[in-house]
Amino acid sequence: MQGLIRELKRRRIIDEREMDSLIEEARTENIKEEEVILENVPSLSEEQLFTIKSDLLNIPLKTEVNLDKLGSILPDIANLIPEDSAEHYRMVPLNKENNTIEIGMVYPKDLKAQEVLKFLSKRGGFDSKIVLITPQVFSEVLSQYEELRKGAGAALGAMDEKEEKELAEKLKQQQEEDVKKMAEEAPIVRVVSVILREAVEGGASDIHIEPGREKLEVRYRTDGVLHSNLILPLKTHKAVVARIKILSDLKIEEKRLPQDGRFFANIAGKEIDFRVSTFPTTLGEKVVLRVLDPEQGMMSIDELGMRDATKDIIIKGINKPTGMLLSTGPTGSGKTTTLYSLLRKLNTEKVNIVTLEDPVEYFITGVNQSQIKHDIGYDFASGLRRILRQDPDIIMVGEIRDQETAELAVHAALTGHIVLSTLHTNDAVGVIPRLIDMGIKPYLLPPSLNTAVSQRLVRRLCDQCKKEVEPDERMRRIIIQEMEALPTKYAEKVNLSNFKTYKPIGCDQCGGRGFRGRVGIFEALEMTDEMAAMVLEDKGEGVIRNQAYKQGMVTMRQDGIMKALEGLTSVEVVLKATKETKK
């Protein structure tokens, strides 16, 4: 990424200031560097730029094409490179000799385009020879697809209405009958394998398979952000969905109702758990797969990235003989991962651990894990009542959603159990008023609640391309204000007279995004005697928050800014993630 911009600097076509500006624009606008160069470097023509690119990539350049010759062979090869794939990945067929098709690509190093071309060549049984083409040549060739489509439309228009209806019905019946068969055929098996493998290798947490009006789009959620990854011909949609349904043992013929399932696959030597959800839309079934990598989800508490002050409060809380530890934050903030790490630490032969989960995300040897099933009335509240008959020492409840579950969890904590659970609040202090709002009497909280932990996952800067920068005046004021409010032992470690921040740039290692992976930011509230007194006196959330600061609580924003000053993330990312927590 940005190799072409840097090459222009090396050839002295642009200076270093212009190079940095072009790179920054390409990254922030999330557009190709060729587009940025052509827009901002008027001295370079399209042909000149792509000549330099051809030299850089060592790929032959084609600046013109014989459209008459192409028009004669395009009807035979257009189905091998469908128009929607050609348009999205900027690649078109130019010529055919025997079984080899010459493919012109505007972006031949685009990994997604390469993967799609590999799939299309396997499915169509042809070899490919890649050449570089300019955007102008690409547009000229793509226009031939339009002419071909118009011709096909005219031919269809020559059919009478009865013939057209009969053909459509016949094709529909044949398609429905062949879906399952297609799902087991090698090309579809391969494309689903490619989708799964790329998600795991790219560190994606979710896969979205979405039918459109003209194409099937596959998007990955990486580092918390959705990115388009593959564009496939729409006609592959039913077979791809059927293949996933077969893997996850769902009903292929059921397309009107949502379904949930899961399956396991060995990818790159790891047993990956895929959680599947289908959802009917007006354009067909959408499928979302949650990617559960045991190496990512089953971390020890030391690997979570907590600071000693936060970790010490949490360890102290779970080492007590009874009481609750509640992990809070929005969906996707890593709450479950934190609870699993605590279960691993607590899991010994001397204790009986029972969990209620929806769903069970990772399996832990020695822990009795139970899957909630709402359709038969087995929810968190009913499950919690039954758990207490299993003589547990430690209980994990996936989420406290209602008053009944909250009351049962408090009761369990008061009667000799350690209880771990999650709750939706903005920050750790918000746990106390939230439980009171759910009907828990204030006098029950000091003896039952040991610790409240709140967290977010923020994008981690790519170590290969992050750049050290001087913060502007506004950012400097925010950093100083937050760092001056730190507990003394941390404030002493931050040099407020001389500090730097870091910003994302983008490189091949991070796919041009400037970020690679995520890191947690945390805060932990401890129920001390002083805190208990304020809860009993119903002092209000603001007073409780001030007491938490006096006790030495490092807030999520402070934790995040310290990590930003260490180069793990950017201050802008931290401020955005903690916007709703700032009081």
Side-chain angles (χ1 to χ4, degrees), residues 224 301 304-317 325-330 332-335 337-338 422-435 449-460 471 474-496 499 501 518-528 530-531 534-535 539-583:
I301 191 168
L304 293 176
M306 294 180 182
R307 299 197 175 273
D308 289 343
T310 302
K311 186 166 65 174
D312 290 347
I313 291 172
I314 291 172
I315 297 299
K316 183 179 178 181
L325 181 142
L326 298 181
S327 177
T328 79
S333 60
K335 301 187 298 295
T337 299
T338 296
T422 67
L423 194 67
H424 280 282
T425 66
N426 286 337
D427 55 20
V429 172
V431 166
I432 293 172
R434 174 65 176 143
L435 289 173
L449 178 64
N450 295 343
T451 314
V453 184
S454 191
Q455 63 185 86
R456 300 290 186 276
L457 290 176
V458 296
R459 290 184 290 170
R460 182 190 290 266
R474 172 183 167 273
M475 199 63 70
R476 180 176 289 276
R477 285 198 306 270
I478 292 173
I479 293 170
I480 291 175
Q481 180 182 355
E482 292 292 341
M483 294 299 94
E484 286 181 340
L486 277 170
T488 304
K489 71 175 185 177
Y490 285 110
E492 291 174 347
K493 297 178 181 179
V494 180
N495 184 357
L496 293 180
F499 58 84
T501 57
R518 290 190 287 179
V519 61
I521 57 175
F522 303 87
E523 66 183 28
L525 172 72
E526 180 183 8
M527 184 62 74
T528 62
E530 294 79 8
M531 183 68 70
M534 292 185 176
V535 173
K539 288 291 188 180
E541 188 173 345
V543 176
I544 292 173
R545 189 179 306 281
N546 288 333
Q547 177 59 35
Y549 297 153
K550 290 178 183 178
Q551 293 177 184
M553 183 179 80
V554 176
T555 68
M556 280 186 291
R557 176 166 286 194
Q558 291 169 337
D559 185 30
I561 289 177
M562 283 191 284
K563 285 172 178 170
L565 296 179
E566 293 164 4
L568 294 177
T569 186
S570 72
V571 178
E572 290 82 0
V573 166
V574 171
L575 297 182
K576 182 178 179 181
T578 59
K579 184 177 180 180
E580 79 282 7
T581 70
K582 188 62 181 171
K583 301 294 190 294

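Note that these values count all heavy atoms, side chains included, but never hydrogens, waters or copies made by symmetry.
Nearest heavy atoms, S327 versus T338: OG-CB, 4.4 Å. Among all heavy-atom pairs drawn from E572 and M475, the shortest one is OE2-CE, 3.6 Å. When all heavy atoms of G552 and P487 are compared, the closest pair comes out as O-CG, 3.5 Å. Shortest non-hydrogen contact noted between M527 and L449 is CB-O, 3.1 Å. Among all heavy-atom pairs drawn from T425 and D427, the shortest one is OG1-O, 2.9 Å. Across all non-hydrogen atoms, the minimal contact from L575 to R557 is O-NH2, 3.5 Å.
Distance check, rounded to the nearest 0.5 Å: CD of Q547 to NZ of K550 gives 6.0 Å. Put simply, NZ on K335 and OG on S454 are 9.0 Å apart, with the number rounded to the nearest 0.5 Å. Separation of atoms CG (L486) and OH (Y549) is listed at 11.5 Å; rounding is to 0.5 Å. K539 contributes atom NZ, which lies 14.5 Å from atom CD1 of I432 (distance to the nearest 0.5 angstrom). To the nearest 0.5 Å, atom CE of residue M556 and atom CD of residue E523 are 4.0 Å apart. Distance CG/L496 to CE/M483: 8.0 Å, rounded to 0.5 Å.
In this structure, the side chain of K563 does not engage the main chain of V519 through any donor-acceptor pair within 3.5 Å. Q455 places a side-chain N or O within donor-acceptor distance of the main-chain N or O of S333, the cut-off being under 3.5 Å.
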Q | Criterion side chain to side chain contact (heavy atoms under 4.5 Å, CB included) on L525 and M531, from CA distance to verdict | A | CA-CA 9 Å; L525 172 72; M531 183 68 70; 3.3 Å; yes
Q: Quick one: do I521 and T569 satisfy side chain to side chain contact (heavy atoms under 4.5 Å, CB included)? Show the steps, please.
A: CA-CA 10 Å; I521 57 175; T569 186; 5.9 Å; no
(Q) Pair T501, L565 - check side chain to side chain contact (heavy atoms under 4.5 Å, CB included), show working. (A) CA-CA 5 Å; T501 57; L565 296 179; 4.1 Å; yes
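Residues that satisfy the side-chain hydrogen bond (donor to acceptor under 3.5 Å, both in side chains) test with K316, not counting sequence neighbours, are E526. When the side-chain hydrogen bond (donor to acceptor under 3.5 Å, both in side chains) test is applied to R307, the partners found at least two apart in sequence or on another chain are D559, E566.
Using a 4.5 Å heavy-atom threshold, the side chains of L304 and F522 count as touching. With contacts defined as side-chain heavy-atom distances shorter than 4.5 Å, the pair R459/S570 does not qualify. In this structure, N450 and L325 have side chains that are not in contact, with every pair of non-hydrogen atoms separated by 4.5 Å or more. L457 is not listed as a side-chain neighbour of T337, based on a closest heavy-atom distance of 4.5 Å or more. For the pair Q551/I313, no side-chain contact is recorded, criterion being any heavy-atom separation below 4.5 Å from C-beta on.
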